[in-house]
Structure formats: structure tokens, C-alpha cells
Amino acid sequence: MKAAAIVDAGKADLIEVPIPEPARGEVLVAPSIVGVCGTDLELLHGSASYFRDGRATHPHIFGHEWVGRIVAAAADTDASLRVGDRVVGQTMISCGACRACQRGRRNECGRLRETGLYGQQGAAAEYIRVPAQTLTAVPAAVDDLAAALVEPAVTVLAGLDRVACAPGERVLVLGTGTIGLIAIQLARRLAGTVDVVGVDDAGLGAALRLGAEHAFRPGEAAPGGYDVVVEASGSAAALSEALHLVDVGGRVAAIGVPATPLASVDAGELVLRGVTFAGVRHGLDYYERALRLFAEGVLTAKGMVASVFPLDQVADAFHHLEHGRRAAPKVALSLPPAA
Ligand SMILES: [Zn+2]
Ligand SMILES: [Zn+2]
């Protein structure tokens with residue numbers, strides 16, 4: 001089969017690999033849309049921790065934001081899923097046996113594998129082999145582009161849950177990428193008002209169209225003005241700013257992963273102001289809810305996807321994600337329906 005892989009640092013290309021064989025409890029899925037995100041760019045450049053610590057090696061078949069159709073199942077597979085079903089898959093595949101898993105906290109599993117990141121082939125391929133229990137069926141009301149946004153959406157849902165975002169609250173989202181724009185869509189429904197901070201005109205425009213009330217450049221929003229701040233940009237400076245922008249007793253949900261340490265954090269001030277800081281790992285338990293929110297129209301893919309490239313144009317897709325002038329944050333790959 002054909003697969004899109006990072007064949008070396010900075011180089012993505014199509015490769016030919018054998019079709020994987022589903023083992024006990026697994027199914028074979030033919031992906032149809034695969035989102036490409038900043039994490040994939042880090043994999044491309046070799047700056048992702050997975051390459052640095054040896055969990056990932058070249059050629060690396062990436063792809064963790066995906067939707068596809070089940071084309072084959074191992075004999076013992078759970079009957080709730082059938083060949084032909086459209087499904088999304090969890091990125092984190094927990095072991096089910098470690099202390100965290102036994103305590104029901106599979107998000108914190110000590111022996112994780114992550115689809116497209118390490119230990120599990122990614123979805124940028126004609127076929128992917130996945131444990132059936134990590135799949136969620138996609139309702140007919142959710143199209144493929146929306147379904148491919150479920151993976152980033154679950155992390156946002158987990159983040160807003162972690163900080164108990166409630167009706168009537170003032171929320172600020174930092175960043176206008178995919179995570180930021182999904183956070184705006186959700187906060188608009190879950191909270192009272194939502195404002196946005198961004199660096200890019202197109203992103204701020206999209207944020208306003210998706211429900212943000214005020215759009216600010218960094219440094220413009222009022223310090224202490226927000227009950228909840230969602231850091232979705234991954235910039236260390238933005239995370240420092242988030243800690244100042246949040247009100248006394250407020251909560252910061254950090255979803256973006258800064259690549260550098262925070263230069264100046266006055267921890268004493270944070271203690272005295274009673275600020276809660278929540279690092280958001282992933283939203284392993286939110287797939288069904290995210291799909292329901294897309295089905296109900298609370299979340300939308302409209303205005304979220306800039307371009308969809310066929311799988312063999314993977315290098316162009318990465319180039320567009322990194323350098324293209326885009327009106328929307330998301331770039332995706334498409335595959336033809338399975339024969
Ligand atoms: Zn991603
Ligand atoms: Zn485990």
C-alpha cells in the first residue's frame with residue numbers, strides 16, 4: 001500500500017509498505033481524511049520529542065487526526081463495529097494493565113502508544129491497523145472534514161472540563177490555530193463571552209466569525225479580566241501572558257506546548273491571586289461528546305479547513321501548512337474511497 005511518511009528530517013514523501021494484518025481485537029481501516037497539524041510539522045523537522053528520545057524513527061508514517069471506514073476485522077472483534085462503518089480513532093492507545101489504567105485514568109497510562117506519533121503506524125496511508133476498542137463510530141450528520149477535527153476537539157473539551165468552564169464566565173483564548181478556533185466555538189456555547197488574542201489577521205477574522213466578541217493583539221487585552229484563559233498558541237510568551245490576564249481565582253487551561261521555559265513567572269503573585277494552572281494532556285474520554293457536538297452544530301468545520309491535498313502531494317501539504325497564506329488553520333490530506 002501507499003503511505004505518506006517523513007522519510008528523513010525535513011523530507012516527506014510517499015512510500016510503499018505492506019498492508020498491515022489486523023491481530024486479535026483489531027480492525028483494518030481505510031482512512032479518508034487525515035489532518036496535518038503543528039505536531040506533524042515538528043515530526044517533519046525532527047524537533048518532536050518522539051524523534052529526540054528514539055520513540056519514533058524514519059521512515060515515519062504520521063497522521064493522528066483522521067476518519068476512515070472499517071474494511072476488515074479480526075474474527076474476535078467486538079460486534080458493535082462492522083465492516084463499512086465510518087470511524088474516528090483515539091490517538092492515545094492505553095495498555096489497560098498499568099497502575100493508571102487500573103485506576104481508570106487511561107489518559108495517564110505509563111505504557112502508551114500514540115497513533116502516528118510513536119508505537120503505532122499513523123493514518124496517512126491507504127490502511128491502518130487499530131484496536132477496535134479505540135474507535136468511535138461517526139454519525140451520518142458529521143461529514144469527513146468535521147470528523148477529522150474531532151481529535152483536536154477532544155483536547156479542548158478536556159481542557160474546558162479541567163478548568164470547569166461555566167455559563168456566564170468570561171473566557172479568553174490565546175491563539176487562532178485549529179485548537180484556538182475550536183476553543184472559541186465551544187466557549188461561546190459553554191461560557192458567557194469569549195475574546196481572542198492572536199498575531200495573524202486571517203486567524204483573528206476567523207475567530208470573530210466563529211463567535212469571539214473582541215479580538216486583540218498580544219499585550220492589548222485587559223490584565224485580570226478573565227475567569228478562564230485557554231492558552232492554545234504554544235508560545236511561552238503567551239503562556240506567561242495568560243497567567244497575568246486571568247482574574248483573581250481564575251483558571252488557566254494550557255493546551256499549547258511551549259518549546260522553551262517561561263522566562264519570568266512570579267509564582268508568589270500566582271499563589272496570592274489564587275490562580276489555578278491546568279496542563280491539558282489529551283481528551284481520551286471525549287470522542288463521543290465531540291462527535292455529538294459536531295452532529296448538533298455546536299462545533300463546525302466551516303471556516304476551519306484551508307486546503308485538502310491528495311496523499312501523494314504530502315510535501316505540498318506540509319509546505320502549505322508551514323508557509324502558505326491561509327484563511328483557515330487546518331490543512332488535510334485526502335485518500336480515495338477504499339476499493
Ligand atoms: Zn494534531
Ligand atoms: Zn496503562
Side-chain angles (χ1 to χ4, degrees), residues 4 6 12 25 31 33-45 47-51 55-56 60-68 88-124 128 131 133-134 145-159 175-183 230-234 254-259 280-287 290 299 301 304-309 314 317-318 320-322 326 328-333:
I6 293 155
I33 292 284
V34 182
V36 186
C37 78
T39 303
D40 299 312
L41 268 183
E42 284 180 27
L43 287 167
L44 176 70
H45 294 308
S47 54
S49 62
Y50 315 109
F51 273 117
R55 280 179 290 174
H60 177 81
I61 302 173
F62 67 96
H64 58 275
E65 305 175 358
W66 59 272
V67 54
V88 292
Q90 294 159 8
T91 302
M92 286 185 165
I93 299 177
S94 52
C95 76
C98 74
R99 184 164 177 270
C101 285
Q102 299 273 298
R103 293 161 74 210
R105 301 172 71 151
R106 46 194 195 134
N107 216 21
E108 295 160 14
C109 172
R111 284 196 292 267
L112 276 182
R113 292 177 291 150
E114 298 192 48
T115 301
L117 301 175
Y118 62 95
Q120 179 81 16
Q121 182 210 298
I128 180 173
Q133 68 188 46
T134 66
L145 276 185
L149 290 172
V150 163
E151 202 275 342
V154 297
T155 305
V156 180
L157 279 167
T176 60
T178 303
I179 295 277
L181 294 185
I182 290 173
V230 179
E231 203 313 279
S233 76
I255 302 178
V257 183
V280 181
R281 195 170 153 87
H282 190 55
L284 191 44
D285 297 316
Y286 293 85
Y287 282 82
L299 285 171
M304 296 291 298
V305 184
S307 318
V308 181
F309 292 83
V314 57
F318 271 116
H320 190 59
L321 181 65
E322 193 165 17
R326 285 173 287 118
K330 177 55 68 188
V331 169
L333 295 168

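Start at 1 and go down the list; that is how both ligands and their atoms are numbered. Bear in mind the structure is a predicted one, so any value in this text is a computation, not a measurement.
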S.K.: Determine which of the N, O or S atoms in Glu65 is closest to the Zn ion (ligand 1) and give its atom name.
M.R.: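 Result for Glu65 and the Zn ion (ligand 1): OE2.
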S.K.: To the nearest 10°, what's the angle at the Zn ion (ligand 2) between atoms SG (Cys95) and SG (Cys101)?
M.R.: 120°
S.K.: Applying the side-chain hydrogen bond (donor to acceptor under 3.5 Å, both in side chains) test to Thr91, which of Gln120, Glu65, His64, Glu151 qualifies?
M.R.: Glu151
S.K.: If only atom types and distance count, is the side chain of Lys330 paired as donor or acceptor with the main-chain N or O of Val36 below 3.5 Å?
M.R.: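 Looks like yes, one N/O pair under 3.5 Å.
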S.K.: Between NE2 of His64 and SG of Cys37, what angle is found at the Zn ion (ligand 1), rounded to 10 degrees?
M.R.: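 Roughly 100°, rounded to 10°.
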S.K.: With a 3.5 Å distance limit and no angle check, can you tell me whether Arg55 reaches the backbone of Gly119 through a side-chain donor-acceptor pair?
M.R.: no
S.K.: So, for Ala148 and Val67, which heavy atoms are closest and what is the spacing to 0.1 Å?
M.R.: N-CG1, 4.3 Å
